[in-house]
Amino acid sequence: MRPALSPGAPWRCAAPIGYTGRMELGRSGWRVAGTAAIVGLLAVSALQLHSVEARLVTQSQQLRVLGEATERMAATLERVRGGVVAAPGAEPSLQGVLHPEVKDFLSPKGTHWPPPGAKTDGTIAVDWYTGDPKGFNPVIESMADLTDKLRPYVESRLAFRNSWTDPNEFYGDVAWRLEVTDNFKEFTFYLRKGVKWHPVSGVDLTNPRYAWLDREHELTAHDFVFFLDMLMHPQVQNGFIKSYFTELESWKALDDYTLQIKWKKTENGNVEQTLLLPPLPRFLFAYAEDGTPIPEATLGLAFNQHWYNNRGMVGTGPYRMAEYQPGSHIRLERYEQYHGELPAIQSVRYSIYTDRTQTVLKLKSGELSFGQLRTGQYREEVQQYEGVPAAQRPKSPFLDGSIVCDIVDQPSYYYIGWNQDNPLFVDRRVRTAMTLALNRPGIIAQVFNGLGTISRGPFLESSGYLDPEIEPLPFDLKQAAALLKEAGWADTDGDGLLDKADAGGQRKPFTFSLLIYGSNPEWASLANIFKEDLLSIGVRMSIEPAEWATHLKRMEEKQFDAFTAGWGLPWSTDPYQIWHSSQADVPKGSNRVGFRNKEADRIIEQLRGTLDIEGRKALFREFHRIVHAEQPYTFVLIPKIPFCRRSHIHNVIYAKERPLQNLLPWWSARAEG
Amino acid sequence: MRSYLLRRLLMMIPTFFGISIIVFAVLNLAPGRPGAQADSADVAANARGEQTQESYAVFREQFNLDKPIFLNTRFALDTGEVRRDLRVVAEADPARIVERIAVQDRLGDLGNYAVPHLMAVLDEADAAAQAAPSPAEAAPHVALRDTAAFFLRQAAPRRFIDPHDPTPAPEVRRHNQLVAAERAALSELRFAFDAPESEKRAVLQRWRAWYEEVRPRFVYDGADKLRILLLDTRFATYWKNLIRLDFGISLTTRQPVLETLVGKLKYSLSLSVLSLLLAYLIAIPLGIFSAVRRDTRADRVLTVSLFMLYSLPSFFVATLLLYFFSEGSNWQALRVFPTGGFQSPGSEDLTTFARIGDLIWHLVLPVGCLTYGSLAALSRYMRTGLLEVIQADYIRTARAKGLPERVVIGKHALRNGLLPIITLLANLLPAVLGGSVVIEYIFGIPGIGQWTISSIFYRDYNVIMGVQLLTTLLVLFGMLLSDIGYALVDPRIRYH
């Protein structure tokens, strides 16, 4: 400490601490002591506040648990007393039905859950790696996470598909009876009474602003009519969804519990579209946030940006969407008043994130109990240790049995499309040679680590639409070379490349470029292997990587020789969009390769009007034979997805149709988070 | 000082306006279209003809994407031009598919302005078709006429006024009801391309009747033309809303941009402000240390290690940190930090202290990743700044006075040495917002950076504009702040 240079005030203000004069020491000592005392007191009171708050929090948690338990008990009582669930085998009275003589189109529910001994208060946490969803409105949004991970649980529909044993079969859901005319043009549904919409989540119902929503609402036929009203509304912007309903003639509620839907034409797709219709809560979507009805004239435009679209989802299904925290999670809670069989899992938490590396970390930490891995991640965590003695493996939950992985077929296929408007690929022999030159077994084993099977054709294997006699073409470069020779290709100038005279008589070498997704390393490897093999038979292929937007644009504008892409496979499919020759000339049409075949066109048209399963199978197989002979695509592979789960999940069954739409039979031995 | 501040603040307005014009132009002229790839995944693309086209038209109309960007000259449209475009579509030449797609979009965007021209083409093609001696010769005219009718149905509907207002004024409500009724009636005036000629004729007759009735709508006088030229454009509509502080709604989520932006600000700001603060807190002492111990071994070691840190890309470090130090680590002892996110699930049930603790626990890794990279630059600036000052005469004077080194550096030199680092603050503020994109992605923090990236991918113009304008404001205010900071640190600087 130095003596003060000057007692002048300006100095003291700017001087650093410890430079104050001796004279001030007394006063500043007091100041320090006072401050310390105040800080101490503050700390003490903060601590007190903290402990009070902690007690409050525990109490409110206990209260909530108690409340939930009571609610569940009450709901169970009500289910038993009110007979919401029809006792199995009991025939509902056909009194008041329009056509009692018609046989019910719906099958009695044949698969049941939960299995005996399942724990019914378990919870699971599932991955949601696509970031915050754009919205939850089922009329407008169609992204995969919404259709796979929310809609099957939150919504109930007129009927639901038996994805477990026979996807061609439909069980009643909200409808308990369905009358269909013989020409499949008129559908009359009879709905259950007493089905209640979930309480509206995502808004604070205790806030007077939302008091208008704090009420029980019964599901009626008008809610289904409202769904179609909005779907078909010319102002509502919903991409391609509307196009499935272009042949719809009328939809109306005959009374609160009877719904009639008519189609203009008999078409196979109509059955599925009609039976799987969900309702849309009119009491919510026809109103503005303050509860005033939206003017009828502009309802469609307002609907596109309805205030509730991003808040949550209200349905009548086995789970209600209890919470949505953007950027963090979505929580589903079992809806105890659900009208059907209650699933075993009580609460499902979807963890929202964007970087898929996190799936592995979160599975390991136990934050996720179920998640989908990339093939590379699966190789790194599991495959590379296959055959390694246990002592030499690192310690990882993936290897000690705490995480189990299932390898499941993805309902899709990847292919190389050949531009048949390009003179190079007009000849079917050339396209066949290309398929023969692609080393599919090797590529699947080496590049995809065995996580795939060779695709035989454009339909699901399990659907029976593919001809079981057809074997995929082998990898055979000799035969490929022979076919090319047959097609008139020969190396006349000795440069190692095949050449052929074009229309003008000039000889041109066989060169083309393959458009691939730039961001996918597996496709890059595939293309490189293909390139080498082709070069060995005198064909030069160049590889052109493009990001998806460009890739799509190039395909739409038909600016390609060949491209790689994939198609998702629904259970009942209509080949018209991808394979009919009329779609080859539609701008942005899906028949991008320009496949034109009269016989195939005839089958496609006939398929639309054929509704019996066996007849359809026969036609599909005939179609498959044509596609196999013509090779408009080189069908590459059906990928397999590694789904990994913590061992507390039991009875894991994957749906035949879409593997992820199937939490209902599962149960979890873990009861929280 | 006050008049200076006022002047600076006023100057910000034209600067802001100018920047907004530039950003708007770049954005709208960039290739790619909004909404086009919104529905596409790598599988299950579902293009299904006219309905999709119609739905896309609604989308364009809703977001004014069908309007010209800066100047609208569509009142002076030429029938010949429309005829040429229609012909391209009607001829359906597979070789000209690229042109057809472009022309279809162009015709679809013209809206009401195209109606008289479409009517004219329709009438002349119909006359030509009837005059043709044989059906084969009439075919191209019929195709042209039917194409004109098809686009007429897209172009004819009028727009609603304020369709998103739930409680419109009575006259607006009446107008909208009329428009809705007219739209419904017009949507019935359609026929399939393979419908019988008599049916088509009946529909065309109804189109003509409708046109006769509403013809005055398409006559524009001088004032109309001026209004259309300047105001019926994307830019004018955007600015009209902006003045009311309305940033529009997101093209993908259809939620108000400003609301979402404010909601996400807390994530991004806590990341960026914390890391800036931390960077300054660490870099300034480090810089002072290097300056005082200039060219010693300690200085060199520090410099080298800081530059090594600087050269490590943050996404790489972030992934490594998560791999080793998150709860998903293979090593039990290292499982310290969460695997990502901003808060634990159920954190609303925690006490305030616990919640702050939870937040800090989540922020350690991302803030660390954001911070370490800027340490090198900041501490180097500090070092050079201080070194320059230390050689100045007045420092020598201070030393000569017998002041201890701590006072010489801490009080006399530091103030001036801080100047360059303060200038940097203005530039760092927006950079930190932008720099957190990757970090937000890897750590799953739903901040502005992540949102901007996905918006760019979707060509979500309103969101990009919103974020850009916010960044502009940040830069402008950052510059102002650093100027004020100068004055505070260096009493010699005075603003008038």
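The chains referred to below are lettered A, B, ... by the order of the sequence lines, with proteins before strands, and numbering in each begins at 1.
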Could you give me the CA-CA distance, side-chain angles and deciding distance for A:Lys134 and B:Thr252, then say whether side-chain hydrogen bond (donor to acceptor under 3.5 Å, both in side chains) is met? CA-CA 6 Å; A:Lys134 285 191 289 167; B:Thr252 42; over 6 Å; no
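Here the closest non-hydrogen pair linking A:Leu361 and B:Tyr323 is CD2-CA, 4.2 Å. Shortest non-hydrogen contact noted between A:Ser365 and B:Gly328 is CB-N, 3.7 Å. Between B:Ile442 and A:Gln358, the shortest heavy-atom distance links the atoms O-NE2, 2.6 Å. Heavy atoms only, all atoms of each residue included: A:Asp355 and B:Tyr441 are closest at CB-O, 3.6 Å.
Of the residues considered (B:Gln255, B:Glu327, B:Gln177, B:Arg100), B:Gln255 shows the highest number of contacts with chain A, using heavy-atom pairs under 4.5 Å. In terms of heavy-atom pairs under 4.5 Å with chain B, the best-connected choice from A:Ile352, A:Leu49, A:Val57, A:Asn310 is A:Asn310.
With a 4.5 Å cut-off on non-hydrogen atoms, A:Asn304 touches chain B through its backbone and its side chain both. Both the backbone and the side chain of A:Gln235 come within less than 4.5 Å of a heavy atom in chain B. Heavy-atom distances place the side chain of B:Ser326, and not its backbone, under 4.5 Å from chain A. For A:Thr292, the part sitting under 4.5 Å from any heavy atom of chain B is the side chain, from C-beta outward, and nothing else. Heavy atoms closer than 4.5 Å to chain B are found in the side chain of A:Glu323, but not in its backbone. Neither the backbone nor the side chain of A:Pro570 comes within less than 4.5 Å of any heavy atom of chain B.
Of the options A:Lys364, A:Glu381, A:Lys395, a side chain to side chain donor-acceptor pair (under 3.5 Å) to B:Asn330 is made by A:Lys364 and by none of the others. When A:Gln237, A:His306, A:Gln305 are each tested for a side chain to side chain donor-acceptor pair (under 3.5 Å) with B:Arg254, only one passes: A:Gln237.
Side chain of A:Glu367 to main chain of B:Thr339: no donor-acceptor pair is present (N/O by atom type, distance under 3.5 Å, no hydrogens or angles).
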